[in-house]
Amino acid sequence: MSETANLSGLALIAGISRVTGDMSGGAAISLVNWHDGRDSGFNGAFINLLNDTPDTFNLGFVNIAERGTGFDLGGVNVSRHSTVQLGFVNVTDEIRSFQFGFLNLAKNGFLPIFPIFNFPAN
């Protein structure tokens, strides 16, 4: 496990990457990314446990964000609000652009649950 307060640059970790502060313009690549602050850049991991990543590309089998995300590509994507989600299962309260996957759930979607794609109703 690697733990740091803030991250900028490249972090290649063969385990858990823990960032308690912000990641600005960096790339975190590991088995698990566990970030508490605001991220911008790239998160690549089997599991991404994130807080706020509005300007970040998140790539992982599981992407879970407490707040918002910019672009999620994964098997399961879960966030409070998201711009784009591409995955097998996509779940968000507020989608801002679109979701594409086997099952898409968005409270503000044109339908709250819809297969293949979903987009905001308003």
Side-chain angles (χ1 to χ4, degrees):
M1 180 172 176
S2 171
E3 184 171 338
T4 185
N6 295 305
L7 173 67
S8 64
L10 177 64
L12 296 171
I13 310 297
I16 299 171
S17 170
R18 173 99 166 98
V19 179
T20 58
D22 295 339
M23 180 178 80
S24 58
I29 301 169
S30 63
L31 292 176
V32 176
N33 286 325
W34 177 16
H35 298 181
D36 290 337
R38 184 178 174 95
D39 292 357
S40 66
F42 173 76
N43 288 310
F46 185 70
I47 299 173
N48 286 308
L49 301 171
L50 309 166
N51 183 34
D52 195 21
T53 64
D55 304 317
T56 307
F57 174 61
N58 301 311
L59 173 66
F61 183 70
V62 175
N63 295 307
I64 299 174
E66 183 66 30
R67 294 185 183 168
T69 62
F71 189 106
D72 298 327
L73 176 61
V76 177
N77 301 307
V78 179
S79 67
R80 177 94 26 96
H81 54 85
S82 185
T83 304
V84 175
Q85 290 182 323
L86 299 174
F88 189 70
V89 176
N90 301 304
V91 180
T92 188
D93 288 343
E94 177 188 356
I95 190 68
R96 295 182 174 158
S97 182
F98 70 92
Q99 296 172 307
F100 184 80
F102 180 73
L103 185 60
N104 304 287
L105 292 85
K107 288 184 180 178
N108 73 324
F110 82 98
L111 287 173
I113 301 172
F114 201 74
I116 311 301
F117 65 93
N118 206 350
F119 53 88
N122 49 8

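Counting only residues at least two apart or on different chains, the ring pair (Phe, Tyr, Trp, His ring centres under 6.0 Å) pairs with a member in residues 73-95 are Phe88-Phe102. A salt bridge (Lys or Arg N to Asp or Glu O under 4.0 Å) check over residues 109-122, counting only residues at least two apart or in different chains, returns nothing. Listed by first then second residue, pairs satisfying ring pair (Phe, Tyr, Trp, His ring centres under 6.0 Å) with a partner in residues 14-50 read Phe42-Phe57, Phe46-Phe61, not counting sequence neighbours. Counting only residues at least two apart or in different chains, salt bridge (Lys or Arg N to Asp or Glu O under 4.0 Å) contacts with residues 22-34 are absent. Listed by first and then second residue, the salt bridge (Lys or Arg N to Asp or Glu O under 4.0 Å) pairs that reach into residues 105-122 are Asp93-Lys107, sequence neighbours excluded. Applying the salt bridge (Lys or Arg N to Asp or Glu O under 4.0 Å) test to residues at least two apart or on different chains, none of the pairs has a partner in residues 1-12.
Pairing each heavy atom of Ser30 with each of Ser17, the nearest pair is OG-CB, 3.6 Å.
Remark: Asn118 pairs with Gln99, Asn104, Ala106, Phe110, Phe114 by the side-chain contact (heavy atoms from CB on, under 4.5 Å) rule, at least two apart or across chains. Looking at residues two or more places apart in sequence or on another chain, you find a salt bridge (charged side-chain N to carboxylate O under 4.0 Å, His left out) between Asp52 and Arg38. Partners of Pro112 according to the side-chain contact (heavy atoms from CB on, under 4.5 Å) rule, which considers only residues two or more places apart in sequence or in another chain, do not exist here. Residues passing the side-chain contact (heavy atoms from CB on, under 4.5 Å) test with Ser2 are Ile13, sequence neighbours excluded. Partners of Val32 by side-chain contact (heavy atoms from CB on, under 4.5 Å), not counting sequence neighbours, listed by chain and number: Ile16, Ile47.
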Return a table of donor-acceptor pairs under 3.5 angstrom between the side chains of residues 67-78 and protein atoms on other chains or two or more places apart.
residue: Thr69; atom: OG1; partner: Asp72; partner atom: OD2; Å: 2.8
residue: Thr69; atom: OG1; partner: Ser82; partner atom: OG; Å: 2.7
residue: Asp72; atom: OD1; partner: Asn58; partner atom: ND2; Å: 3.0
residue: Asn77; atom: OD1; partner: Asn63; partner atom: ND2; Å: 2.8
residue: Asn77; atom: ND2; partner: Leu86; partner atom: O; Å: 3.1
residue: Asn77; atom: ND2; partner: Asn90; partner atom: OD1; Å: 2.8

